[in-house]
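Read the structure below first, then the notes.
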2 protein chains.
Amino acid sequence: MTNIVSGNSLAEVAALIGDPARANILQALADGRALTAGELAWHAGVSAQTTSGHLAKLTEAGFIALAKQGRHHYFRLASPEIATAMEALMIVAANGPRRYRPTGPKDQAMRTARTCYDHLAGWLAVTLADRLSARQFIVLSDGAAAVTEEGHRFFRDFGLELDEPKNTRPLCRTCLDWSERRSHLAGQLGAGLCQRCLDLGWIKRGRDSRAVTFTPLGIEGFRDTFGITLP
Amino acid sequence: MTNIVSGNSLAEVAALIGDPARANILQALADGRALTAGELAWHAGVSAQTTSGHLAKLTEAGFIALAKQGRHHYFRLASPEIATAMEALMIVAANGPRRYRPTGPKDQAMRTARTCYDHLAGWLAVTLADRLSARQFIVLSDGAAAVTEEGHRFFRDFGLELDEPKNTRPLCRTCLDWSERRSHLAGQLGAGLCQRCLDLGWIKRGRDSRAVTFTPLGIEGFRDTFGITLP
DNA sequence: CGAATGCTTCGGCCGCGGCCGAAGTGTTCG
DNA sequence: CGAACACTTCGGCCGCGGCCGAAGCATTCG
C-alpha cells in the first residue's frame, strides 16, 4: 500500500498545465481577458480541432469558463487562483538552472511591463513598488505590504480610493515577479493602480500578448508622479 | 509563427509535477524534511529503479537537492518556492468541481493538522489564525497579516521573539489552506509558532506523512494558551 | 574477503494522450 | 435559401515517456 493522499489531484492539475499547447493557452488568458477558440488555437500553435479538445479538458477541470456569443466561443480564466498558480510555477521555472530560454523582442517587452491578471508585473511594477516604498507610501515586509497614512493621501490624490478595512491598517498583497525575482504589488492596491494607469491612458494592453506599451502621456506621468524614467 | 514566449518552460515545470509518482515524491518532501530514495520509492508507489529516474529528473530541474550520506541518498526540496507552487496548485485542485477524492483516515489526519514546509496548516492552523485574530493579536486583511502591539507582547510571553523590521509594523504572510480553503499563518510568525509548538512538545511530526499528532501536553496547551479545543 | 544493502543504469515493453484529416453542428451572412 | 465561417466530434496514427527485470556500482557489514 502506498501513501497516496491527494497526490493524484495535484498531479492531475499539474499535468493539465504541463502540456505545451495548454500552457500557451493559459498564458494567453493570463491577463484575464476572454479570447475566442480560434485566437487560442493560434496562441497554442496547434490546429483548431486539437485546441478544441484542450479547451474541453480545461473547462471540465474548472480552469477556464466559456461564454458563447453568436458563433464565437469566448474563453477566460475561471478564477484568479489559476493565474496565481501559474505565476508560482513561473517563479520555479525562472529559478531553475540553465534552462534554455531564447529571448526575443516580445520577451523583452514582457519583462519591461506586462499585466498579471488584474495588476502590473515586470520591471515597471517592481520599480514602482521600490519607489512607493522609498517614499514611505507603502511598507514592504515578509511577503506583504501595508499602506501608510501618507500613502493613503498620495493614492487619493492619484485618483485611487482604497477601502478601509474595519478598524486597522489596510494591506495589499505582494506577488513575486518571475522575471525580476522581486516583489511587486497585487491585491486591491495593485489592481487599482493598474486600472488607474489604463484609465489615464498611460499604458495600453497589447493585442496578442500580456505585454503593455507606454503612451507619451504615460512616460510623462510615470516620471512626474512616481519618479520613474522608462528605459 | 506562434506567440510562444516562455510557455514551454511553464509547461516543462508543470509537467514535471504532473506525473503521479513525482507528485507523490514532492508531496512527501513538502514539509521540508529530507528522505532517502527508498522511502521516496515507497511514497511514490513505484519501484526503486523508476523512482531513481524520477529523482534524477527532479534534481536536474532544480526541484530537489541531493545529499549523499554513506550508502543513503537523502533528497529534500531545493527551495521554498517549490512548496509554494505546489500549494498554489493544491488550491486550484481543491476549488475544482466534483473532483473524485476518496477520503481515508490518513487524509483526515492531514486535514486536522499538518506541516507546510516550515509552518502549520489544516484545521488547527486556520483555527489558530481565527483565534489570534479575534483576540486582536494579529490583523488579517487581503492576503496578508500584521502583528499588533498586544500581539507582540503575547507572542513574547509565548516564547517567540519576532524581528522588528525597520521602523514599522512587522508583517507575516498568510497562506491559503487547500483543505480548509481559508488563510493560515506562514512567514516568520507561522514558522516561529510551528517551531515553538514542536519545541514545547505539543505536537509531533508523523513518520510517513506531513500530518502532525498532538501530545496530551499539547491538547492542554492549545486549550489554555489559545483557547482551542481539539476535535 | 564475500555477502547484503541501497541506489543507479540499461534495455525493451506498452499504453496513454496529443495530433491531424474528415465529417458533423450551429451561426451569420448575401 | 445555400455558402461561408466558427467550432466541435470522430477515428486513427504515432511517438513520448513511465514502467519493470536484470545487471552494474558503491558502501557497509560479518
Side-chain angles (χ1 to χ4, degrees), chain A residues 1-2 4 7-29 34-61 63-76 100, chain B residues 1-2 4 7-29 33-61 63-76 100 208:
Chain A
M1 226 265 302
T2 63
I4 300 170
N8 291 339
S9 67
L10 171 63
E12 281 168 30
V13 169
L16 223 40
I17 308 177
D19 174 82
R22 284 194 295 263
N24 284 330
I25 288 171
L26 291 171
Q27 288 207 311
L29 296 172
L35 299 177
T36 66
E39 290 169 319
L40 290 172
W42 180 82
H43 281 283
V46 293
S47 71
Q49 315 91 285
T50 302
T51 302
S52 182
H54 287 311
L55 292 173
K57 282 197 174 75
L58 291 171
T59 304
E60 196 196 1
F63 279 36
I64 60 180
L66 166 61
K68 298 188 183 184
Q69 215 167 97
R71 58 182 171 185
H72 292 284
H73 289 196
Y74 282 92
F75 293 89
R76 58 172 180 76
Y100 176 63
Chain B
M1 229 276 292
T2 63
I4 298 171
N8 290 339
S9 67
L10 172 63
E12 281 167 31
V13 169
L16 224 41
I17 308 178
D19 174 82
R22 283 194 296 263
N24 284 330
I25 289 172
L26 290 171
Q27 288 206 310
L29 296 172
R33 282 186 295 185
L35 299 177
T36 66
E39 290 170 318
L40 290 172
W42 181 81
H43 281 285
V46 294
S47 71
Q49 315 90 288
T50 302
T51 302
S52 182
H54 287 312
L55 292 174
K57 282 198 174 74
L58 291 171
T59 304
E60 196 196 2
F63 280 36
I64 59 180
L66 166 60
K68 298 187 183 182
Q69 216 167 94
R71 58 184 171 184
H72 292 284
H73 288 195
Y74 282 92
F75 293 89
R76 60 173 179 75
Y100 175 62
D208 323 310

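Source: prediction; values computed, not measured. Sequence lines set the chain letters: A, B, ... in the order given, protein chains first and strands last, and positions in each chain run from 1.
Across the protein-nucleic acid pair, A:Lys57 atom NZ and C:dC16 atom C1' stand 10 Å apart, rounded to whole Å. Following rounding to the nearest Å, B:Ile25 (CD1) and D:dC19 (C1') show an atom-to-atom distance of 13 Å. The distance between atom CH2 of A:Trp42 and atom P of D:dA6, rounded to the nearest whole Å, is 16 Å. Computed from coordinates, the A:Gln69 CD to C:dG26 C1' distance equals 16 Å when rounded to whole Å. For A:His54 and D:dT8, the NE2 to C1' distance is 14 Å, given to the nearest whole Å. At whole-Å resolution of the value, CG in A:Asn24 and P in C:dC19 are 10 Å apart. With rounding to whole Å, A:Asp19 atom CG is found 14 Å from D:dC16 atom P.
OP1 or OP2 of C:dC20 lies within a sub-4.0 Å distance of a side-chain N or O belonging to A:Ser47. The phosphate of C:dG26 has neither OP1 nor OP2 within less than 4.0 Å of any side-chain N or O from A:Lys68.
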Which side-chain N or O atoms in residues 13-20 of chain B pair as donor and acceptor under 3.5 Å with protein atoms at least two apart or in another chain?
| from | atom 1 | to | atom 2 | distance (Å) |
| --- | --- | --- | --- | --- |
| B:Asp19 | OD2 | B:Ala21 | N | 3.0 |
| B:Asp19 | OD2 | B:Arg22 | N | 3.1 |

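No side-chain donor-acceptor contact under 3.5 Å links B:Ser52 to the backbone of B:Ala48.
Considering every non-hydrogen atom in both B:Ala44 and B:Thr51, the closest pair reads CB-OG1, 4.4 Å.
Considering only heavy atoms from C-beta on, A:His54 stays 4.5 Å or farther from A:Leu40 through its side chain.
Note: B:Phe63 CZ to B:Leu29 CG = 12.5 Å, rounded to the nearest 0.5 Å. Within the model, atoms CZ of A:Arg76 and CG of A:Leu35 stand 12.0 Å from one another, a figure rounded to the nearest 0.5 Å.
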Please tabulate, one pair per line, each protein N/O and nucleotide N/O from nucleotides 7-9 of chain C that are separated by under 3.5 Å, including the distance.
| from | atom 1 | to | atom 2 | distance (Å) |
| --- | --- | --- | --- | --- |
| C:dC7 | OP1 | B:Ala37 | N | 3.3 |
| C:dC7 | OP2 | B:Gly38 | N | 3.0 |
| C:dC7 | O3' | B:His73 | ND1 | 3.2 |
| C:dT8 | OP1 | B:His73 | ND1 | 3.4 |
| C:dT8 | OP2 | B:Ser52 | OG | 3.0 |
| C:dT8 | O5' | B:Ser52 | OG | 3.1 |

